[in-house]
Structure formats: structure tokens, C-alpha cells
Engineer: 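Once you've had a glance at the structure underneath, I'll fire off some questions.
Predicted model, so just to flag it, every value in this text is computed and none were measured. Hydrogens, waters and symmetry mates are skipped; everything else that's a heavy atom, side chains included, is used.
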2 protein chains.
Amino acid sequence: MKINKELMKGSTVILMMKQLEHRDMYGYEMAKRIEQQSDGLFAFKEGTLYPILHMLEVERLVEAYWGEENGRKRKYYKLTDAGRRTLVEKEREWSLFSTTVSRLIGEGRA
Amino acid sequence: MKINKELMKGSTVILMMKQLEHRDMYGYEMAKRIEQQSDGLFAFKEGTLYPILHMLEVERLVEAYWGEENGRKRKYYKLTDAGRRTLVEKEREWSLFSTTVSRLIGEGRA
DNA sequence: CATCTATACATCGTTTATCTATGTATCGTA
DNA sequence: TACGATACATAGATAAACGATGTATAGATG
């Protein structure tokens, strides 16, 4: 089943930030991991991925630094303290939102 | 807590169609009921509400008819058979989407 | 009686998240 | 050597929801 792309809006940022919770990653890696973890359900395009990372950097929620592995330049991202606080808030927001929608949908089944 | 409006995108249509599952309603009524059922969390503006209803009508997922109560004209909406099939599909879609996001967010907590 | 709020419909223009398309460049493989 | 995967980036298109605005009636409040 394919998910309506409009549903994805608003959850993309939290999914990406969550990837950075335990270790630094580069953009392409984050996208591939989300794709794997979701069994191919969520697949971000580059046109979505990189602008979000740049925006998070401008907002000081992540910091970027260049690394090199196997002769390949990679731009690693790291959550800032502000980023971690924002992530916690966004998780609470997601939880409230999803349980509320599920409840409203469930209520109809009376 | 206020919900990021971007999260709402994509779930608005299903919430509105769900209201029509058990009885016909007029637009304003649907919006107010959703607001009450969500404890004020979801509040649709008219600029959101009516264009969606018109779109659903064009797509033959709902049918509209005018009624009058207490000297007040009301436009009632009714789910078509196609609308009911679409609703079932959208419910499955929401379920898959929300459980997947929750799983990915939960996984980070390892 | 005048004014305000809630009800009830509607539409136009704006905002913005994501996508599509395009570009650069390197690595491994067939 | 040609292709696909990796890895970055951005410009323009698309489309959902919003803000603002408009019309009109009912009921409450002063």
C-alpha cells in the first residue's frame, strides 16, 4: 500500500531528527535508513531531504561537519542541545496528534 | 499543546468523511463536532472546510442536498457508496502510516 | 433598539512542504 | 566503458491548508 504523500507532511522532520538521536549521520544515510526501517513505505527524495537539513542547520537544531570515507565526501549532521529539546517536544506532539486522530476515527465505529 | 498544522495535512479529509459515516451532516456541524471530539485540538477554518466538501462532491464521494431548520439554510452531505469504499481505504492507510511512524520513533529509544 | 456573537455558507490569494527535474562527481561492477 | 548506486545541491512546479473577506440570519446582551 502506498501512503498519500500529504499524510507525510509534518512527520518528515521528526523522522529525520530521530535518526540523529544516537549517532551522527549524513543525509543520504538517514534517508536510506528510514526507507529500510519503514519497509520501503517512506522514501524521501533528495529534493525533500537536503532542504530540510539545511533548514534545521539554519535553525541551529543540527550542526554539520564534513567527513571523508572511501574517498567519498560526506556531510555529517549532529543534533544540538536545542535540537534534542525540540525532538522531545515533537515526539509529544506526534503522540498527541496520532492518538487523537485514531480516537476520532475509532469513535465513528460506535 | 498546539499541533503543527503541517501534521494535519492529509488527515483532514478522512476526519470529515468519518463524520458522515452514520448520518448526514452539514459542513459547519462537521467542523464543530471534530473540534469538540478532539477537545479543541483540531479546529478547521472555513477556508479549509468548504473547499474540501466541494472537492469531495466533484469526486462523487459525497452528495449534497439543501435543507432548512429554524429558518436557517443548511447544506447536508451524504456519503456515496464510492465514498464509503474510499473511507475504508483511507482508514487502512492512516493505520499503516501512524503505526509505522510510531514504530520508527519508538525504535530510536533502543 | 442596537450591537455583538454564533451560526452557515462561500471564495480569493498566500504560504509552504514536498516533489520533479536537473546538475555535479565518485565508486564499484558488468 | 557504460551503468547504477552513492552523495551532495538547487530551481521550479504542485497542491493542501490557511488567512482574509464577504454575505446573511438567529439569538443574546446591554
Side-chain angles (χ1 to χ4, degrees), chain A residues 2-17 19 24-36 40-59 62 64-77 90 93-94 97 101, chain B residues 2-17 19 24-36 40-59 62 64-77 90 93-94 97 101:
Chain A
K2 259 183 68 182
I3 299 285
N4 178 347
K5 67 181 176 176
E6 292 305 324
L7 266 180
M8 290 299 304
K9 290 190 182 184
S11 60
T12 313
V13 172
I14 185 174
L15 288 175
M16 289 181 56
M17 289 181 74
Q19 290 293 321
D24 300 354
M25 284 188 201
Y26 53 98
Y28 195 82
E29 185 185 15
M30 292 163 63
K32 289 297 154 190
R33 276 177 56 92
I34 290 172
E35 196 171 344
Q36 282 164 20
L41 205 63
F42 303 157
F44 301 137
K45 304 295 154 49
E46 274 112 327
T48 305
L49 181 70
Y50 295 111
I52 287 177
L53 287 170
H54 298 161
M55 180 203 61
L56 289 175
E57 203 181 351
V58 168
E59 291 173 355
V62 301
Y65 58 94
W66 284 94
E68 187 152 350
E69 249 167 304
N70 310 91
R72 201 162 242 149
K73 271 188 263 182
R74 286 164 175 171
K75 198 171 179 180
Y76 286 89
Y77 289 90
K90 279 184 179 296
E93 192 183 349
W94 163 258
F97 167 69
V101 172
Chain B
K2 261 183 66 182
I3 299 286
N4 178 347
K5 68 180 178 179
E6 292 305 324
L7 268 178
M8 290 299 303
K9 290 190 183 183
S11 60
T12 312
V13 173
I14 185 175
L15 288 176
M16 289 179 57
M17 290 181 74
Q19 290 293 321
D24 301 354
M25 284 189 204
Y26 53 98
Y28 195 83
E29 185 185 14
M30 294 163 64
K32 289 297 153 190
R33 276 178 56 93
I34 291 171
E35 196 171 342
Q36 281 162 20
L41 206 62
F42 303 160
F44 301 137
K45 304 296 153 53
E46 274 112 328
T48 305
L49 182 70
Y50 296 111
I52 286 177
L53 287 170
H54 300 161
M55 179 201 64
L56 290 173
E57 202 181 352
V58 168
E59 291 173 355
V62 301
Y65 57 94
W66 284 95
E68 187 154 349
E69 249 167 303
N70 309 93
R72 199 162 245 147
K73 272 189 261 183
R74 285 164 175 170
K75 199 171 181 181
Y76 285 89
Y77 289 91
K90 278 184 180 294
E93 192 184 348
W94 164 259
F97 167 69
V101 172

Engineer: Which heavy atom of B:Val62 sits nearest a heavy atom of B:Leu53, and at what distance?
Structural biologist: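 Nearest pair, atom of B:Val62 first, then B:Leu53: CG2-O, 4.1 Å.
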
Engineer: I need the OH-C1' distance between B:Tyr76 and C:dC9, as an integer number of Å.
Structural biologist: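 Value for this atom pair: 13 Å.
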
Engineer: Walk me through whether A:Tyr50 and A:Tyr28 qualify under side chain to side chain contact (heavy atoms under 4.5 Å, CB included).
Structural biologist: CA-CA 9 Å; A:Tyr50 295 111; A:Tyr28 195 82; 4.0 Å; yes

Engineer: Hey, where on DNA chain D does chain A first and last touch, going 5' to 3'? Cut-off is any atom under 4.0 Å from a heavy atom.
Structural biologist: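 Contacts span D:dA5 to D:dA16, reading 5' to 3'.
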
Engineer: Kindly say if B:His54 contacts the phosphate of C:dT11, meaning a side-chain N or O under 4.0 Å from OP1 or OP2.
Structural biologist: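 So the side chain of B:His54 is within the cut-off, an N or O lying under 4.0 Å from OP1 or OP2 of C:dT11.
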
Engineer: How many Å lie between CE on B:Met25 and P on C:dC9, as a whole number?
Structural biologist: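 Atom CE in B:Met25 sits about 13 Å away from atom P in C:dC9.
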
Engineer: Just how far, in rounded Å, is P of C:dA17 from CG of A:Leu53?
Structural biologist: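 One finds 14 Å between P of C:dA17 and CG of A:Leu53, rounded.
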
Engineer: Taking all atoms of both residues into account, what is the closest heavy-atom pair of A:Met25 and A:Gln19, and its distance?
Structural biologist: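 A:Met25 and A:Gln19 have their closest heavy atoms at CE-O, 3.3 Å.
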
Engineer: Using 30° and 60° as the class boundaries, would you call the ring planes of A:Tyr65 and A:Tyr76 parallel, tilted or perpendicular?
Structural biologist: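 The arrangement is parallel - the two ring planes meet at less than 30°.
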
Engineer: If we check side chain to side chain contact (heavy atoms under 4.5 Å, CB included) with B:Ile34, which of these qualifies: B:Leu41, B:Leu49, B:Leu15?
Structural biologist: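 It is B:Leu15; the other options fail the test.
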
Engineer: Quick one: is B:Lys75 getting a side-chain N or O under 4.0 Å of the C:dA10 phosphate, OP1 or OP2?
Structural biologist: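 Yes, such a contact exists.
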
Engineer: Do you know which two heavy atoms are closest between B:Phe97 and A:Ser11, and how far apart they sit?
Structural biologist: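 Result for this residue pair: CZ-OG, 3.7 Å.
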
Engineer: Run the salt-bridge test on A:Glu35 and A:Lys32 with the 4.0 Å N-O cut-off and return the result as yes or no.
Structural biologist: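 Between A:Lys32 and A:Glu35 there is a salt bridge, with a charged N closer than 4.0 Å to a carboxylate O.
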
Engineer: May I have the distance from A:Glu69 (atom CD) to C:dG28 (atom P), rounded to whole angstrom?
Structural biologist: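 Rounded to the whole Å, the gap is 13 Å.
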
Engineer: May I have the distance from A:Met16 (atom CE) to C:dA17 (atom P), rounded to whole angstrom?
Structural biologist: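 The answer, rounded to whole Å, is 13 Å.
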
Engineer: If the sugar-phosphate is the primed atoms plus P, OP1 and OP2 and the base is the rest, what is the B/S/- string for nucleotides 19-26 of chain C, using protein heavy atoms under 4.0 Å?
Structural biologist: BB-----B

Engineer: Using 4.0 Å as the upper bound for N to carboxylate O, is an ion pair formed by B:Lys9 and B:Glu6?
Structural biologist: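 So B:Glu6 pairs with B:Lys9 through a salt bridge.
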
Engineer: Given atom CG of B:Leu7 and atom C1' of C:dT18, what is their separation to the nearest angstrom?
Structural biologist: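 Atom CG in B:Leu7 sits about 14 Å away from atom C1' in C:dT18.
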
Engineer: Write down the distance between OH (A:Tyr50) and C1' (C:dT18), rounded to a whole number of angstrom.
Structural biologist: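 Taking atom C1' of C:dT18 as the reference, OH of A:Tyr50 is at 16 Å.
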
Engineer: Round to a whole Å and report the spacing from NZ of B:Lys32 to P of C:dA8.
Structural biologist: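 Checked: the NZ to P distance equals 10 Å.
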
Engineer: Determine whether B:Val101 and A:Met8 satisfy the following criterion, side chain to side chain contact (heavy atoms under 4.5 Å, CB included), listing intermediate values before the conclusion.
Structural biologist: CA-CA 9 Å; B:Val101 172; A:Met8 290 299 304; 5.7 Å; no

Engineer: Both A:Gly27 and A:Lys9 contact DNA chain D. Which one's nearest nucleotide lies toward the 5' end?
Structural biologist: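 Taking each residue's closest nucleotide, the earlier one in sequence belongs to A:Gly27.
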
